[in-house]
Amino acid sequence: MEACLFASPAVLTADRLAVALRLDLPTVQAALPLLQEQLERQGGGLRLWQVGEGWQLRTDGRFGAYVASIRGVRPVRLTRAALETLAVIAYRQPVARAVIDEIRGVDCTGVLRMLLERNLVQTLGRADEPGRPLAYGTTPHFLHSFGLRSLSALPTLKDLRALGPSEEPPAESSAESSAGLSAAGGDRV
């Protein structure tokens, strides 16, 4: 099972693993959490994540910088505006752009276009309100990117309050701002 998960670049469902391994589905479903625990206990560089309806081997986050340097890719960064827009969509979907604009207090057209291009959000159809605006929601790629099984894995307001008061980052110096050094933000997908 571990070898199949390692060899697959895509998320594998328990059904797909059962077929590939010629095992019954309950056996595979029971074995996946055991493998997940075993990998975590070993403390190595791999972790088994449940993503959406499937499972995927991923590198431990502690080693992200090393893996990125080997792969020669930079991590995807989202601006604060993009993360705010994405959060509104994730929690309120299906949601029209006007509602997102109202919640954020600014026009989100450009940010929304970028999220669509990165396949983090999608159109879900038309809202049942005057003008029939497009309604947006998250994609399976969103779940995959943030390591979520489903939208129900998003933190609740109660979870966020339990973290305590948020600390604001220190103010940027004018030299950093004018040089654009912090324009990408510090949040990674």
Side-chain angles (χ1 to χ4, degrees), residues 5 10-15 29-41 43 46-64 75-129 133-170 182 184-189:
L5 288 161
V11 174
L12 293 176
T13 63
D15 292 335
Q29 288 173 326
L32 284 164
L34 296 175
L35 177 58
Q36 186 178 40
E37 289 173 24
Q38 176 186 348
L39 289 170
E40 193 164 325
R41 232 183 2 264
L46 296 177
R47 296 290 180 267
L48 181 59
W49 285 81
Q50 187 172 5
V51 181
E53 296 296 317
W55 295 82
Q56 185 176 45
L57 277 180
R58 294 182 172 189
T59 56
D60 186 309
R62 298 175 295 165
F63 308 115
V76 175
R77 296 188 185 274
L78 294 174
T79 63
R80 183 180 195 114
L83 287 171
E84 287 173 0
T85 303
L86 197 51
V88 171
I89 294 168
Y91 282 100
R92 301 286 295 266
Q93 63 186 309
V95 62
R97 194 197 82 219
V99 174
I100 301 167
D101 290 349
E102 184 180 329
I103 292 170
R104 290 203 54 242
V106 296
D107 179 25
C108 68
T109 304
V111 172
L112 193 52
R113 186 178 309 116
M114 181 270 302
L115 293 172
L116 285 162
E117 288 170 359
R118 291 191 181 181
N119 194 30
L120 294 170
V121 299
Q122 64 186 342
T123 57
L124 299 177
R126 299 231 173 236
D128 193 21
E129 53 189 69
L134 290 173
Y136 297 95
T138 57
T139 63
H141 181 66
F142 164 81
L143 295 174
H144 177 80
S145 297
F146 286 92
L148 299 170
R149 288 182 206 175
S150 67
L151 291 173
S152 63
L154 287 169
T156 64
L157 185 55
K158 182 180 176 183
D159 296 334
L160 295 174
R161 285 188 178 140
L163 293 175
S166 65
E167 295 180 19
E168 288 296 317
S182 58
D187 299 298
R188 282 192 269 163
V189 174

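Start at 1 with the first residue, then count along the sequence. Note: hydrogens, waters and symmetry copies are ignored here, and every other heavy atom, side chains too, is used.
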- prompt: Given Leu35 and Leu5, is the side chain to side chain contact (heavy atoms under 4.5 Å, CB included) satisfied, shown in steps?
  reply: CA-CA 11 Å; Leu35 177 58; Leu5 288 161; 3.8 Å; yes
CA sep, side-chain torsions, deciding dist, call: Asp107, Thr109, side-chain hydrogen bond (donor to acceptor under 3.5 Å, both in side chains): CA-CA 6 Å; Asp107 179 25; Thr109 304; 2.7 Å; yes
- request: Under the side chain to side chain contact (heavy atoms under 4.5 Å, CB included) rule, what do Val11 and Trp55 come out as? Steps first, then yes or no, please.
  value: CA-CA 5 Å; Val11 174; Trp55 295 82; 5.6 Å; no
- request: Take Leu78 and Arg118 through the side chain to side chain contact (heavy atoms under 4.5 Å, CB included) test and state the conclusion after the steps.
  value: CA-CA 10 Å; Leu78 294 174; Arg118 291 191 181 181; 3.2 Å; yes
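Closest approach of Gly137 and Gln93 over heavy atoms only: CA-OE1, 3.0 Å. Closest approach of Val111 to Ala82, counting heavy atoms only: CG1-CA, 3.4 Å. Closest approach of Ser150 and Leu143 over heavy atoms only: C-CD2, 3.8 Å. Between Leu48 and Leu32, the shortest heavy-atom distance links the atoms CD2-O, 3.5 Å. A pairwise comparison of heavy atoms in Arg104 and Val88 identifies CG-CG2, 4.4 Å as the closest pair. Between Arg47 and Asp60, the closest heavy-atom pair is NH2-OD2, 2.7 Å.
Each of Gln36, His144, Arg58 was evaluated against Trp49; a single residue qualifies, Arg58, per the side chain to side chain contact (heavy atoms under 4.5 Å, CB included) test.
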Check residues 96-103 and write down every donor-acceptor pair under 3.5 Å in which the side-chain atom is one partner and the other belongs to a residue at least two apart or another chain.
{"unit_1": "Arg97", "atom_1": "NE", "unit_2": "Asp101", "atom_2": "OD2", "d": "3.2"}
{"unit_1": "Asp101", "atom_1": "OD1", "unit_2": "Cys108", "atom_2": "N", "d": "2.9"}

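Within a 6.0 Å radius of CD in Glu40, no more than 12 heavy atoms belonging to other residues, nucleotides or ligands are found.
With rounding to the nearest 0.5 angstrom, the OH atom of Tyr136 is 10.0 Å from the CG atom of Leu124. To the nearest 0.5 angstrom, Leu134 atom CG is 9.0 Å from Leu112 atom CG. Atom CZ of Phe146 is separated from atom CG of Leu86 by 5.0 Å, given to the nearest 0.5 angstrom.
Under 4.0 Å is where a charged nitrogen must lie from a carboxylate oxygen, and between Arg113 and Glu117 no such pair does.
Among residues two or more places apart in sequence or in another chain, the side-chain hydrogen bond (donor to acceptor under 3.5 Å, both in side chains) test is passed with Gln122 by none.
You'll find the side chain of Phe142 stays beyond 4.5 Å of the side chain of Leu115, heavy atoms only. Counting heavy atoms from C-beta outward, Leu39 and Leu57 have side chains that approach closer than 4.5 Å.
At least one donor-acceptor pair closer than 3.5 Å links the side chain of Thr139 to the backbone N or O of Asn119. Gln29 places no side-chain N or O within 3.5 Å of a backbone atom of Ala14 that could act as its donor or acceptor partner.
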